[in-house]
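This report concerns only the one structure given below.
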Protein chains: 2
Amino acid sequence: MGTLASSIEEYLKRLLALSASGYIEIRRKELSQKFQCVPSQVNYVLETRFTLERGYLVESKRGGKGFVRVKKIKISEGGLLSMLLEEISKGSMNKERARHFIQRLNEEKFISYRESKLMESVLDGLDAVENEIVRDFIRGRILGKMIIVLLKHDV
Amino acid sequence: MGTLASSIEEYLKRLLALSASGYIEIRRKELSQKFQCVPSQVNYVLETRFTLERGYLVESKRGGKGFVRVKKIKISEGGLLSMLLEEISKGSMNKERARHFIQRLNEEKFISYRESKLMESVLDGLDAVENEIVRDFIRGRILGKMIIVLLKHDV
DNA sequence: TATTTTGACTATCTTTGACTTTTACTCTTA
DNA sequence: TAAGAGTAAAAGTCAAAGATAGTCAAAATA
């Protein structure tokens with residue numbers, strides 16, 4: 001028997017494997033009751049085991065009928081997305097590299113032409129940020145958030 | 001099954017979609033009876049889901065012959081985008097305002113949900129720009145460029 | 001020391017109900 | 001009969017209660 005955290009991790013992964021939709025929705029409180037622990041333990045598991053790097057997306061809603069949704073995303077090893085995610089995780093990205101990735105994303109039909117143009121317009125808009133370090137950082141940051149959105153709301 | 005609030009929201013939107021006049025008139029009390037809740041629940045739904053920023057106008061009258069009228073404000077894509085551009089040029093485009101505009105564009109079906117989330121992620125990404133003046137300026141600049149893309153590459 | 005577990009405090013969203021205001025209608029009364 | 005008073009039938013307001021989830025740092029454990 002390992003830690004509580006890994007039991008919960010396994011449980012969620014089992015649920016995910018069984019789910020036809022590719023994602024699961026749980027009640028944080030219910031789950032914590034099932035494992036007889038505090039609710040924030042669930043957050044700990046999600047933060048440490050269901051990260052983007054590991055191929056998971058987590059969304060949630062508070063209040064009545066609240067939920068936590070965990071989604072498994074398929075990122076092919078060594079593919080465009082995994083390269084992109086890795087570069088983004090390093091923190092920043094220059095304009096040419098970003099433009100290249102956006103074009104490739106469109107070529108691979110991961111985004112539409114219009115979406116690619118929308119994303120490129122961000123790069124141009126950022127030219128007005130004076131400091132190059134800051135500019136590259138913000139560019140990487142925005143790109144990262146955009147990728148998450150694209151994965152969350154895949155076509 | 002979602003919340004009561006979203007059931008009522010959906011019901012009203014369905015009625016609106018069916019209505020030829022572009023607006024609907026309901027009795028607050030009747031509606032609350034239909035959904036077996038207190039009347040003020042209807043106000044909650046109207047206040048949170050049928051706001052001006054989302055493109056709805058709500059009017060009402062009390063007393064005998066009282067009613068609640070909900071109207072969808074019709075606006076053209078060009079109209080909405082030029083309002084946006086005007087606010088940007090006046091420098092009054094803060095983050096929340098921008099977010100509402102983007103959501104409105106989606107609600108009006110001028111952009112897809114995915115595109116709206118893509119645009120919103122720019123707003124969040126820009127939070128890392130320290131200086132508020134700079135941040136607002138860059139946000140406006142990017143938004144402006146995005147709008148041009150939307151106009152150019154019409155769906 | 002690094003990881004895990006816990007709990008106090010906070011944030012967000014929804015639902016409810018007591019109390020207030022407005023309006024149409026009816027009933028008096030000069 | 002016109003003006004005013006009273007009444008019932010709406011709708012509005014607002015704050016409290018309820019239902020979730022998130023954050024963060026201290027404590028416990030490996």
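Note that the coordinates shown come from a computational prediction; the quantities given were computed from them, not determined experimentally. Sequence lines set the chain letters: A, B, ... in the order given, protein chains first and strands last, and positions in each chain run from 1.
Contact annotation: A:Y44 reaches the phosphate of C:dT4 (side-chain N/O to OP1 or OP2, under 4.0 Å). At the phosphate of D:dG12, OP1 or OP2 sits under 4.0 Å from a side-chain N or O atom of B:S60. Distances shorter than 4.0 Å separate some side-chain N or O of A:R27 from OP1 or OP2 on D:dT20. The side chain of A:K65 contributes no N or O atom lying less than 4.0 Å from OP1 or OP2 of C:dT15. One finds no side-chain N or O of A:R49 lying less than 4.0 angstrom from the OP1 or OP2 phosphate oxygen of C:dT3.
Considering only side-chain atoms of B:K29, the nucleotide from C:dT4, D:dA11, D:dT23 that sits closest is D:dA11.
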Decide side-chain contact (heavy atoms from CB on, under 4.5 Å) for B:V45 and B:F50; before the verdict, give the C-alpha distance in whole Å, the side-chain angles of both, and the deciding distance to 0.1 Å. CA-CA 7 Å; B:V45 173; B:F50 294 86; 3.9 Å; yes
Using salt bridge (Lys or Arg N to Asp or Glu O under 4.0 Å), reason through B:E108 and B:R104 one step at a time and then give a plain yes or no. CA-CA 6 Å; B:E108 301 288 347; B:R104 180 78 187 279; 2.9 Å; yes
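Between the CZ atom of B:F50 and the P atom of D:dA11 there is a distance of 16 Å, given to the nearest Å. The CD atom of A:Q36 sits 10 Å away from the P atom of C:dT6 (whole-angstrom rounding). In this structure, the CD atom of A:E30 is 8 Å from the P atom of D:dT20, given to the nearest Å. Rounded to whole angstrom, the span from the CD atom of B:Q41 across to the C1' atom of D:dA19 amounts to 14 Å. Rounded to whole Å, atom C1' of C:dT14 lies 14 Å from atom CZ of A:F67. One atom, CG of B:N43, and another, C1' of C:dT14, lie 14 Å apart when rounded to the nearest Å. One atom, CZ of A:R69, and another, C1' of D:dT20, lie 15 Å apart when rounded to the nearest Å. In this structure, the NZ atom of B:K61 is 12 Å from the C1' atom of C:dC25, given to the nearest Å.
If you check distances only, the side chain of B:R62 does reach the base of C:dT21 with a donor-acceptor pair under 3.5 Å.
When atom types are taken as modelled, the side chain of A:R141 and the backbone of B:D124 share a donor-acceptor pair closer than 3.5 angstrom. B:R139 places a side-chain N or O within 3.5 Å of a backbone atom of B:M93 that can act as its donor or acceptor partner.
Within 4.0 Å of A:S40, counting heavy atoms only, lies at least one base atom of the nucleic acid. Heavy atoms of A:G66 sit under 4.0 angstrom from primed sugar atoms or phosphate atoms, though from no base atom.
A donor atom on one side chain and an acceptor atom on the other are not found under 3.5 Å apart for B:Q103 and B:Y113.
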